[in-house]
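Note that ligands are numbered from 1 as they come in the structure, with each ligand's atoms numbered from 1 the same way.
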Amino acid sequence: MAQNRSHAVMAQRAEPHDSLDFFPTPPWATRALCEWLVAPELLSIHQRDAWEPACADGCMARPLAEYFRSVAASDVHDYGFGEVADFLWPTDRRADWIVTNPPFRLGQQFAETALERARHGVALLVRTAFLESADRHAALFCRRPPSDILQFVERVPMFKGRLDPKGSTATAYCWLVWRFDRERSDTRFHWLAPCRKRLERAGDYPVAE
Ligand SMILES: C[S@@+](CC[C@H](N)C(=O)[O-])C[C@H]1O[C@@H](n2cnc3c(N)ncnc32)[C@H](O)[C@@H]1O
């Protein structure tokens, strides 16, 4: 999975089409999910495999690999990381957990597809506003309510096509988690207390030239 992430190399890659919604996830936000999943009374995800089906250049797949036994990575566009595959196309591929930050405009389709293909659980990082649609409520949340919603109390800065450790954002994000051992109609809400400082690592961001 290792790759050269310098600006020069990244700039040589073909830019994905605008509609791909390429917004890389700061790695600490993925660690926040994993830390929640491995909390003592929860799950042994180090015995499970994961699939990141919209992996882009691996900003989420890499931190997932710190916690899961193995991580498969794919994306519809070739970013030089993982396999090239459209997640919404039929496949027999399955995984214990499917974890991703889906393209915003395809969030519901990603949720429905992931719920069909995961054996133990699904976690999707979404804008908190994703919770607010009557159509989505009827089509997704009423039928398959997440077991847990993890709301970041810190902002998770995400920008088109790049990670920026100094950037700020007005957009709120949360993790939607479907634990199949806990499927229930009453979704549980949790705060993700401030954790960015603790979960950021040297090497998470591209080195400035
Ligand atoms: C919001 S970005 C997230 C990237 C990565 N998951 C992360 O968190 O850093 C959405 C990604 O979805 C990919 N994508 C869009 N449509 C897709 C599809 N049908 N199948 C697989 N990947 C898709 C885009 O190429 C883009 O990399």
Contacts of type ring pair (Phe, Tyr, Trp, His ring centres under 6.0 Å), residue F23, not counting sequence neighbours: none
Part of P53 within contact of ligand 1 (heavy atoms, under 4.0 Å): backbone
From the candidates F22, F87, F104, the one that places a heavy atom nearest atom 20 (N) of ligand 1: F87
Numbered atoms and elements of ligand 1 in range of Y79, under 4.0 angstrom, heavy atoms: 24 (C), 25 (O), 26 (C), 27 (O)
Any side-chain donor near an acceptor of the partner, N101 and T25, under 3.5 Å: yes
Under 3.5 Å: N/O of R105 near N/O of ligand 1: no
Atoms of ligand 1, numbered as shown, that sit under 4.0 Å from any heavy atom of M60: 8 (O)
Residue A56 vicinity, atoms of ligand 1 by number, heavy atom under 4.0 Å: 4 (C), 27 (O)
Per-atom contacts of ligand 1 with V76, taking only distances under 4.0 Å to non-hydrogen atoms: 14 (N), 15 (C), 16 (N), 17 (C), 18 (C), 20 (N), 21 (C), 22 (N), 23 (C)
Within the 6.0 Å centroid threshold, strictly below: W51 and F87: yes
With H137 via ring pair (Phe, Tyr, Trp, His ring centres under 6.0 Å) - residues at least two apart: none
Near-ring test F189/W191, centroid separation under 6.0 angstrom: yes
F130 six-ring centre to R127 NZ/CZ under 6.0 Å and within 45° of normal: no
Q151 and Y173: side chain donor to acceptor below 3.5 Å: no
No-hydrogen, no-angle side-chain donor-acceptor test under 3.5 Å, D148 and H190: yes
Y67 six-ring face occupied by R31 cation (under 6.0 Å, within 45°): no
Enumerated ligand 1 atoms positioned under 4.0 Å from heavy atoms of A54: 3 (C), 4 (C), 5 (C), 6 (N), 11 (C), 12 (O), 13 (C), 22 (N)
Geometric N/O contact H77 with ligand 1, under 3.5 angstrom: no
Close approach, W89 and ligand 1, non-hydrogen under 4.0 angstrom: no
Heavy atom of A85, distance to ligand 1 below 4.0 Å: yes
4.0 Å heavy-atom contact, E52 with ligand 1: yes
Aromatic centroids of F152 and W28 separated by under 6.0 Å: yes
Heavy-atom proximity to atom 2 (S) of ligand 1, best of D21, L20, L88, V99: D21
Proximal atoms of ligand 1 relative to C59 (non-hydrogen, under 4.0 Å): 9 (O)
Closest to atom 18 (C) of ligand 1 (judged by heavy-atom distance), picking from D86, T100, L124: D86
